[in-house]
Chemist: 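Next up is a structure, given as structure tokens.
What you see below is based on every heavy atom in this structure, not just the backbone, and it leaves out hydrogens, waters and symmetry mates. Since this is a predicted model, take the numbers as computed values, not measurements.
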Amino acid sequence: MQVAVVTFDGFNELDSFIASALINRCRKDGLEAFITTPTPVVTSMNGVEVTGQRPMEFVTEADVVLIGSGVKAREVAADERLLSRLPLDPSRQLIGSQCSGALVLARLGLLDAMPACTDMKSRPFVEACDVTVLDAPFHAEGNIATAGGCLSSQYLATWVITRALGEAAARDVLDYVAPVGENQETVERAMHAVQAGEAALR
């Protein structure tokens, strides 16, 4: 399975890199993430220049598409031309957003009546799209998930790995990257966040 981590100019490094790094620990099992960009090079909110691994058109063939966040999220969400390059299909793809990426999902009409998670600064703008914002780090319904807060990107990655390869694979990845001495706590917190996010509002 291939994962497109959609990364726009002004992106938040934590959001794109944590998710892609965790997912790429599953390469040997056939799950691989690629930083996917609308232009050959994008610059982060802190001035880090990154060369995209895949062009935006990759989203049409990816099995999973994660929409990252950044300081230009509102500009992205208002750019009809850019949005037209994101023909996402939740019937065959897992689709997730990180923080202000929820704005993009809302503008694409993918949230509908589904509540979402986002960061505190983006919350009023997501709510302005008639989307209910939850006071939670992660929420998923079917093939669509949203995460709020930079470090919740680990939950988005956990969701993808669990859906693609099973819970044991997700636990293995989390255990490997956990702070020394906090392995069990880290694994259980992430698994609980994802399971609670999927069970909410059932």
Side-chain angles (χ1 to χ4, degrees), residues 2-24 32-62 64-88 93-111 114-131 133-139 144-160:
Q2 300 187 105
V3 182
V5 180
V6 178
T7 303
F8 301 105
D9 208 40
F11 72 96
N12 183 317
E13 301 95 332
L14 292 174
D15 294 352
S16 289
F17 294 157
I18 290 176
S20 61
L22 292 179
I23 291 168
N24 277 330
E32 187 168 11
F34 301 91
I35 299 296
T36 302
T37 55
T39 55
V41 176
V42 291
T43 303
S44 79
M45 60 192 292
N46 292 307
V48 179
E49 289 190 353
V50 173
T51 300
Q53 296 172 291
R54 295 289 186 275
M56 191 71 98
E57 289 67 30
F58 175 63
V59 300
T60 60
E61 61 184 271
V64 182
V65 179
L66 303 181
I67 307 293
S69 73
V71 294
K72 297 184 179 180
R74 284 194 289 163
E75 294 173 38
V76 171
D79 189 333
E80 295 289 349
R81 194 173 188 179
L82 190 51
L83 293 178
S84 71
R85 299 175 67 187
L86 292 166
L88 307 184
Q93 295 173 308
L94 295 181
I95 300 169
S97 69
Q98 179 67 42
C99 292
S100 59
L103 271 175
V104 177
L105 293 194
R107 289 283 285 114
L108 291 172
L110 293 171
L111 296 181
M114 175 181 166
C117 299
T118 191
D119 62 281
M120 295 305 294
K121 286 188 176 180
S122 300
R123 180 171 187 149
F125 304 108
V126 175
E127 290 177 331
C129 295
D130 293 324
V131 174
V133 174
L134 301 173
D135 289 316
F138 178 84
H139 180 72
I144 299 178
T146 57
C150 297
L151 294 182
S152 68
S153 53
Q154 64 182 300
Y155 303 153
L156 201 56
T158 297
W159 176 71
V160 170

Chemist: Let me confirm one number: the SG-CG distance from C99 to N12, rounded to the nearest 0.5 Å.
Modeler: 7.0 Å

Chemist: Does some side-chain heavy atom of T118 sit less than 4.5 Å from a side-chain heavy atom of T146?
Modeler: no

Chemist: Please list, chain by chain and in numerical order, all residues satisfying side chain to side chain donor-acceptor pair (under 3.5 Å) with T7, sequence neighbours excluded.
Modeler: S16

Chemist: Look up atom CD1 in I18 and atom SG in C150, then write down how far apart they are to the nearest 0.5 Å.
Modeler: 7.5 Å

Chemist: Can any side-chain N or O of Q93 pair as donor or acceptor with the backbone N or O of V59 at less than 3.5 Å?
Modeler: yes

Chemist: Using the side chain to side chain donor-acceptor pair (under 3.5 Å) rule, collect all pairs that involve residues 94-107, keeping only residues at least two apart or in two chains.
Modeler: E80-R107, Q98-S152

Chemist: Flag the pair Q2 / F58 as yes when at least one side-chain heavy-atom distance between them is below 4.5 Å, and no otherwise.
Modeler: yes

Chemist: Minimum heavy-atom separation for A136 and C117, please, with both atom names.
Modeler: O-SG, 3.3 Å

Chemist: Heavy-atom count around R74 CZ within 6.0 Å, excluding the residue itself: above 12?
Modeler: no

Chemist: Okay, side chain of T36, backbone of V6: is any donor-acceptor separation there less than 3.5 Å?
Modeler: no

Chemist: Could you give the distance from CG (L103) to CG (L111), rounded to the nearest 0.5 Å?
Modeler: 9.5 Å

Chemist: If you round to the nearest 0.5 Å, how far is CZ of F11 from CD1 of I35?
Modeler: 7.0 Å

Chemist: Return the orientation label for the F138 and W159 ring planes: parallel under 30°, perpendicular over 60°, tilted otherwise.
Modeler: tilted

Chemist: What distance do M56 atom CE and L82 atom CG have between them, rounded to the nearest 0.5 Å?
Modeler: 4.5 Å

Chemist: Would you say the side-chain atoms of D9 pair up with the backbone N or O of T43, donor to acceptor, closer than 3.5 Å?
Modeler: yes

Chemist: Between A106 and C129, what is the shortest heavy-atom contact and its length?
Modeler: CB-CB, 3.9 Å

Chemist: For a quick test of reading the model, state the closest non-hydrogen atom pair linking V126 to A102 and the distance between them.
Modeler: CG2-CB, 4.2 Å

Chemist: Looking at side-chain heavy atoms only, is the closest gap between P40 and T51 below 4.5 Å?
Modeler: no

Chemist: Which pair of heavy atoms, one from E32 and one from I23, lies closest together, and at what distance?
Modeler: C-CG2, 4.4 Å

Chemist: Is a side-chain N or O of N24 found less than 3.5 angstrom from the main chain of S20, in a donor-acceptor match?
Modeler: yes

Chemist: Quick check: do M45 and K72 have side-chain heavy atoms less than 4.5 Å from each other?
Modeler: no

Chemist: Once you round to the nearest 0.5 Å, how far does CG of N46 lie from CG of L14?
Modeler: 9.0 Å

Chemist: Give me the atom names and distance for the closest heavy-atom approach of L105 to A145.
Modeler: CD1-O, 4.2 Å

